[in-house]
Every structure is written in C-alpha cells, then in structure tokens.
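Here is the structure we will look at, set down as structure tokens.
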Amino acid sequence: MLEERLFEHMLDRKFILENAELVKRNCLNRGAKVDVDRFVALEEQRKKLQQEVEELNRKANVTSKSIGQAKDPAEREARKEEGRRLREETQKAQAEVDALVEQIAAVQRLIPNLSHPEAPVGGDDTANLELARGKTAVPEFDFEPLDHVELMEKLDLVDFEAGAKVAGHGFYFLKNDAVLLELALQQYAVQTLLREGFTPITTPDLARNEVLEGIGFIPRGPETQIYSVENTDLSLVATAEITLGGMLADTILDAEQLPLKFCGISHCFRTEAGAHGRAARGLYRVHQFTKIEMFAFTLPEESEAMLERLRGLECQLFDGLGVPYRVVDTATGDLGGPAYRKYDLEAWMPGRGEFGEVTSTSNCTDYQARRLNIRYRTKGEKGTRFLHTLNGTAIAISRALIAVLENFQQADGSVVIPEVLRPWVGKEKIG
RNA sequence: GGAUGGGUGGCCGAGUGGUCUAAGGCGGCAGUCUUGAAAACUGCUGUGGGCGUUCGCUCACCGGGGGUUCGAAUCCCUCCCCAUCCGCCA
C-alpha cells in the first residue's frame, strides 16, 4: 500500500513536499547536492500565489462574460475597464509565479529518482555489490594473452590510425572478420530477443534535446557526454534508450497493451569528455559504436520483475557467447539520475586482467515517463497514471568485441569464433 | 530546397471573436430489453491542477511560443510537425 503511493507520486512536487526527509536522505545516498528545504519553501510559496492567480482569473472571466450581455454602452465600458484592471493584476501575479516555477524547476531537475531499498548504499562504483558470476569460468592461458588492440592489429581487424585521421581520436574502422563479427553479434542479439517477444526497431541516431532531457541526459551541460548538432535542437544519441523512450512521448496507452518490449538498433555517440587516459585503450572507450538495446514500458507493479527479466536476458546472451562475467548491483552513488535500480554485467577482459562493463540494465520507474509524459489508462478506472520504463544493453558491439576476442584468443594468435556466432560469421576461426 | 493544404478530446471530425458548459460520430462504460449474447433504445464518458465533509465549485489546456482584445480553437507574428505535388538524392 505504502509502496503503491510512493510510486504514484514519485518525485512530483507533491511527493517531494510530503516526503522531504526521505528525498533528502536519498539525495545524500546518491551524492546529489540538492537544497530540498529551499525547494519546499519555494513550492509552498508558489502554491499560495497560484491560487491567487486562479482567483483573479475567475473574476476576470466572469467580467468578460458579462460584457457580451450588457446592453447599456456606459455599463459595457465600465465593465471593460474592470476587466482590464483584473487582467493586468493577473499578469503581474502570474509573472511572479513563473519566476518561482523557474527556480523550483532548477532545483527539481537535480533531484534523482528514489532508490530501491536493497540497492547498496555507497558513494561510487567501489560500493557496487557482486551478485553472481556467469556460467563460463575465467580462462587460464598457458601463454601471455594479448589485449584486443594487439590482437586486432595482428589480424587486420581494425584501423585506429585511419579513424583518428578521419574523425579524430576515439574513432576507428572495423575491417574484415571484425565486420562479420559485428553483424553476427547484432543478429545473435536480435534473434534471441525476437524469440522473447521483443519488437525489433531501428531508431534515429539523432534526437531532439527535449527528448534527451526527458530520458535524463543534459545535452548542453558542462560535463555532457552528448554531441550537439550546431544550429539545431538535435543531438547525436548516446544510446537507443533515448529514441525508444522518446518514441512514446506524450502517449496514453491502455493497460492491456503493457508491457511493450522493444529491441532497438542504433549507433551511440559519446564525447567521453574528461575520460581520457584511464581504460581508454582501443575499443573500450570510443566515441561511436553500435548497440542493440532492450527497452520496456510496463505497469508500475511489473517493473521490478521486468528488471530481473532484462538482467536474465543479458546473462543468457553472454553465457551463450561463452564469455565469463560477473553481475553487479550498482551502488546508490553510481546510479545516475533516472535509475531506481541498476545491474551491470562486467565481462572478464584478459588483456586488462580485470572485469569491464559490457551491459547495464536499469529500472527507471516513472522518472522518465513523468518527464516524457507517457501514461496508461486502466479500464473502469478514472484518469491515467505514469507507466514505468526500463532499459538494458543486449549487446554493445565495441565492448562485446573486446570480450570475445580477448577470451577466445589462442596461443598462435588466432581467435576462435563462439559457436553461436558461426552461422553468421561463416567460419570457426579468425587467423 | 520550392508550392499548396493541414495540425481540435482515446480515435474520426464540425467549429473564422462573446448565449456557463467544443456540434456530431466512433469507441468505451452503465441501464432497458433478452434464457444468454448481439442488435436496438436511453444515459454517462477528455487531461492535469486547486478548493470543499458526499452532491460539488473553480483554474488551465484546441501542435509549441509570443501578440491583439474586457474576451481567442477562431485574428496577427513566429517556430515545429504532418500530408500531397515538384526538384534534388542513397
């Protein structure tokens, strides 16, 4: 019961007002510096002023309506004057409200989603909690394993120099069997999800900034990860999550239609501002890659089960590939703005000798739905409610390539193709 | 890129300055009838907010923003989107 109420008003102004302490604690856990008290004070002031505006509006409406009926010209003039006075007053009060709303929104934008009670509390990724390991054991090599950059260059699978020449550092050309591998990984992911009832979709690679903001990105912020297109309100998408969520913006669905599950294929563009140096070698942190993304719209009471399902699918995909990985429950400080709970899959990367993130799945509850105005209607019930959105990586090509190549490398420098990919690659081995 | 026509409630669609309520239809819900269902008939039926002890009252919303006016779906400006045709093009 309590939880249901929680979802219903999550992070709208009323909820924040009525649960200021809870919101404050959550901001602290997430490392979000937000002045919740100021929000409450401003919002209370706004509510009072808003009521005054509405009362003035009501009076002005009454006056206006009476003019059409007044016969006497002098009487009409007098009422017009009264109307003018009222409208002027309204405008003044409204301007005050607008100014308040702007200040309130500025604070509100900084407030992250609530957090799942079981999500590990902590400031950053060092507080993340390992939940499980994949079916495949971390490989023991009887030789010194190469990292994917060395492997790919030896096998003529990539051209980083040409990428840098054409588009700058962080861009690359895939070549030869790497291209077949990319296509195979796409097929493998899409075919798997098709069997699970997902609707395959290719999406635009650009989106309006409004949509980016609805999903929770800040396109023109100082630390943005987003490429903006000059002289437009468009940005290159950092993930198909943006376009898939935006696809249903301003939509009211019937409850029976839910859940909707999409499997989107798009390119992803990231500036990676300030991320140079650390783990930046090769394909790990690049400005462009292809990604197969899962996205689900669900009823509020079904989103937690859906998150487990998306995580299960990610495990299934990487178990199927034969790539060793661990599942991590993301700590509150590392959740970002929209996620209520997030699991990452981290694949073993022999070249680095450590685990590296390859997928991420989040339950964003109604945080994105509220900002994008995506609701549902239940038969026989009055009104509408915000639905829940979830996203999860099926396969991010660049990082999946690292994991596959590094784990399947042989002593002679060749790479065995995972069995599930062979139908599309058309061979058993590269090199 | 050029031309033209459009954007109205869950959907379709009327509405070019003022009768309190955005016509009508479809869909949906309820009722009558029926053994049950369908059909027919009758009634109800937009979203969000505020106030009020049930009934209710009220504000905003006709693609977005701005303007004219006492009063705008309607007039003006601007932007966006959609359709059709032409041009260009993978």
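Lettering follows sequence order; numbering is per chain, from 1. Heavy atoms only: backbone and side chains are in, while hydrogens, waters and symmetry mates are out.
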[N] [atom2] sits how many Å from [X] [atom1], rounded?
X	N	atom1	atom2	answer
A:Glu43	B:G49	CD	P	13 Å
A:Ile67	B:U19	CD1	P	13 Å
A:Arg13	B:G48	CZ	C1'	12 Å
A:Gln51	B:A60	CD	C1'	14 Å
A:Ile374	B:G48	CD1	C1'	17 Å
A:Arg385	B:G48	CZ	C1'	16 Å
A:Glu82	B:G71	CD	P	13 Å
A:Arg208	B:G63	CZ	P	17 Å

[atom1] atoms of [N] and [M], separation to the nearest Å:
N	M	atom1	result
B:G43	B:C26	P	13 Å
B:A73	B:A30	P	35 Å
B:A72	B:U21	P	13 Å
B:U68	B:G15	P	29 Å
B:G7	B:G71	C1'	25 Å
B:A60	B:G28	P	34 Å
B:G63	B:U58	P	25 Å
B:C88	B:U74	P	39 Å

### Query
Within the side chain of A:Arg399, is there an N or O that forms a donor-acceptor pair under 3.5 Å with the backbone of A:Glu357?
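Pair found, side chain donor or acceptor close to backbone of A:Glu357.
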
### Candidates B:G50, B:C70, B:U47 - which lies nearest the side chain of A:Ser64
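The nucleotide sitting nearest to the side chain is B:C70.
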
Nucleotide paired to [N] in any strand shown, Watson-Crick or G-U, under 3.5 Å:
N	answer
B:G18	B:C70
B:C41	B:G31
B:U47	B:A60
B:C55	none
B:G9	none
B:G1	B:C86

### Query
Under 4.0 Å between a Lys/Arg side-chain N and an Asp/Glu carboxylate O for A:Lys14 and A:Glu43?
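Salt bridge between A:Lys14 and A:Glu43, a charged N being under 4.0 Å from a carboxylate O: no.
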
### Task
Mind listing the closest non-hydrogen atom pair of A:Val323 and A:Ala403 along with its distance?
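Smallest heavy-atom distance, with atoms named: CG1-CB, 3.8 Å.
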
### Query
Taking for each residue the nucleotide of RNA chain B with the nearest heavy atom, is it A:Val62 or A:Arg375 whose nucleotide lies nearer the 5' end?
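Mapping each residue to its closest nucleotide by heavy atoms, the 5'-most match is A:Arg375.
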
### Task
By nearest nucleotide on RNA chain B, pick out whichever of A:Glu81 and A:Gln50 is the more 5' one.
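Closest to the 5' end, via its nearest nucleotide, is A:Gln50.
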
### Query
At under 4.0 Å between heavy atoms, what does A:Arg46 touch on the DNA or RNA strands: base, sugar-phosphate, or nothing?
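Counting heavy atoms under 4.0 Å across all strands, no contact is made by A:Arg46.
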
### Query
side chain to side chain contact (heavy atoms under 4.5 Å, CB included) with A:Leu390: which of A:Thr365, A:Leu307, A:Thr361?
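When side chain to side chain contact (heavy atoms under 4.5 Å, CB included) is applied between A:Leu390 and each of A:Thr365, A:Leu307, A:Thr361, only A:Leu307 qualifies.
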
[X] atom [atom1], neighbour heavy-atom count above 12 within 6.0 Å:
X	atom1	answer
A:Glu419	CD	no
A:Lys175	NZ	yes
A:Gln191	CD	yes

### Query
For RNA chain B, which residues in residues 84-95 of chain A have a heavy atom at a distance below 4.0 Å?
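The stretch gives A:Arg84, A:Arg87 as the residues lying under 4.0 Å from the strand, ordered by number.
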
### Task
Taking only heavy atoms on the protein side, list every residue of residues 53-61 of chain A lying under 4.0 Å from any atom of RNA chain B, sorted numerically.
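Heavy-atom cutoff 4.0 Å gives A:Glu54, A:Asn57, A:Arg58, A:Asn61.
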
### Message
Does B:G48 have OP1 or OP2 under 4.0 Å away from a side-chain N or O of A:Thr384?
### Response
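The answer is yes; a side-chain N or O of A:Thr384 sits under 4.0 Å from OP1 or OP2.
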
### Task
Among residues two or more places apart or on two chains, list those pairs meeting salt bridge (charged side-chain N to carboxylate O under 4.0 Å, His left out) that have a residue in residues 203-215 of chain A.
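Of all non-adjacent pairs touching residues 203-215 of chain A, those that pass salt bridge (charged side-chain N to carboxylate O under 4.0 Å, His left out) are A:Arg208-A:Asp233.
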
### Message
Applying side chain to side chain contact (heavy atoms under 4.5 Å, CB included) to A:Glu302 and A:His388, what does each step give before you reach the verdict?
### Response
CA-CA 8 Å; A:Glu302 288 173 359; A:His388 281 194; over 6 Å; no

### Message
Walk me through whether A:Phe173 and A:Phe171 qualify under ring-ring contact (aromatic ring centres under 6.0 Å, His included).
### Response
CA-CA 7 Å; A:Phe173 290 78; A:Phe171 290 92; 9.8 Å; no

### Query
Roughly how far, to the nearest 0.5 Å, is the CG atom of A:Leu283 from the OH atom of A:Tyr172?
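With rounding to 0.5 Å, OH (A:Tyr172) is 6.0 Å from CG (A:Leu283).
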
